[in-house]
Asks: 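Have a look at this one.
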Amino acid sequence: MLEQYQDIMTIYDVAEALCIGKNRVYELLEKKELKGFRIGRVWKIPKEALKEYILSRSNLS
């Protein structure tokens with residue numbers, strides 16, 4: 001599903017994978033709908049957290 005991405009993804013990776021804007025990714029992180037962490041000012045999102053988010057929003061779970 002997300003094989004082309006590293007295990008730790010950036011805002012831009014997530015935006016590309018979900019076909020949404022980076023501001024929407026920031027919103028998902030701020031609302032804690034998508035799990036991630038910050039190193040300084042840079043957000044990092046584990047690929048597994050993105051998979052969980054996708055499955056929680058789909059009828060596949």
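Residues take their numbers from the sequence shown, with the count starting at 1.
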Asks: Measuring from L2:CG to I54:CD1, what's the distance to the nearest 0.5 Å?
Replies: 5.0 Å
Asks: Using modelled atom types and a 3.5 Å cut-off, is there a donor and acceptor pairing between side-chain atoms of K44 and backbone atoms of I39?
Replies: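 No.
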Asks: Could you tell me the separation between the CD1 atom of I45 and the CG atom of D7, rounded to the nearest 0.5 Å?
Replies: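 Spacing of CD1 (I45) from CG (D7) equals 13.5 Å.
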Asks: For residues A15 and G21, report the shortest heavy-atom separation together with the two atoms involved.
Replies: CB-C, 4.1 Å
Asks: For K51, check salt bridge (Lys or Arg N to Asp or Glu O under 4.0 Å) against everything at least two apart and list the hits.
Replies: E48
Asks: Taking only residues two or more places apart in sequence or in another chain, which ones pass side-chain hydrogen bond (donor to acceptor under 3.5 Å, both in side chains) with Y26?
Replies: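 Applying side-chain hydrogen bond (donor to acceptor under 3.5 Å, both in side chains) to Y26 gives none.
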Asks: Take atom CD of E27 as the centre, draw a 6.0 Å sphere, and report whether it contains more than 12 heavy atoms from other residues, nucleotides or ligands.
Replies: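 Yes, because the 6.0 Å sphere around CD of E27 holds more than 12 heavy atoms from other groups.
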Asks: What's the separation between atom OG1 in T10 and atom CD in E16, rounded to the nearest 0.5 Å?
Replies: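 Going from the OG1 atom of T10 to the CD atom of E16 covers 8.5 Å.
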Asks: Where do G36 and P46 come nearest, in terms of heavy atoms and distance?
Replies: CA-CD, 4.2 Å
Asks: Do you know the tightest heavy-atom contact between R24 and K31?
Replies: NH1-NZ, 4.2 Å
Asks: Assigning hydrophobic clusters by single linkage (Ile, Leu, Val, Met, Phe, Trp, Tyr; side-chain heavy-atom cutoff under 4.5 Å), is I20 placed with L34?
Replies: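 Yes, I20 connects to L34 through the hydrophobic network.
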Asks: Using the side chain to side chain contact (heavy atoms under 4.5 Å, CB included) criterion, which residues pair with R38? Sequence neighbours excluded.
Replies: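 R38: side chain to side chain contact (heavy atoms under 4.5 Å, CB included) contacts with R41, W43.
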Asks: Could you tell me whether the side chain of I11 reaches within less than 4.5 Å of the side chain of L29, counting heavy atoms only?
Replies: yes
Asks: Kindly work out whether a path of hydrophobic side-chain contacts (I/L/V/M/F/W/Y, heavy atoms less than 4.5 Å apart) joins L18 to M9.
Replies: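 Same cluster: L18 reaches M9 through Ile, Leu, Val, Met, Phe, Trp or Tyr contacts under 4.5 Å.
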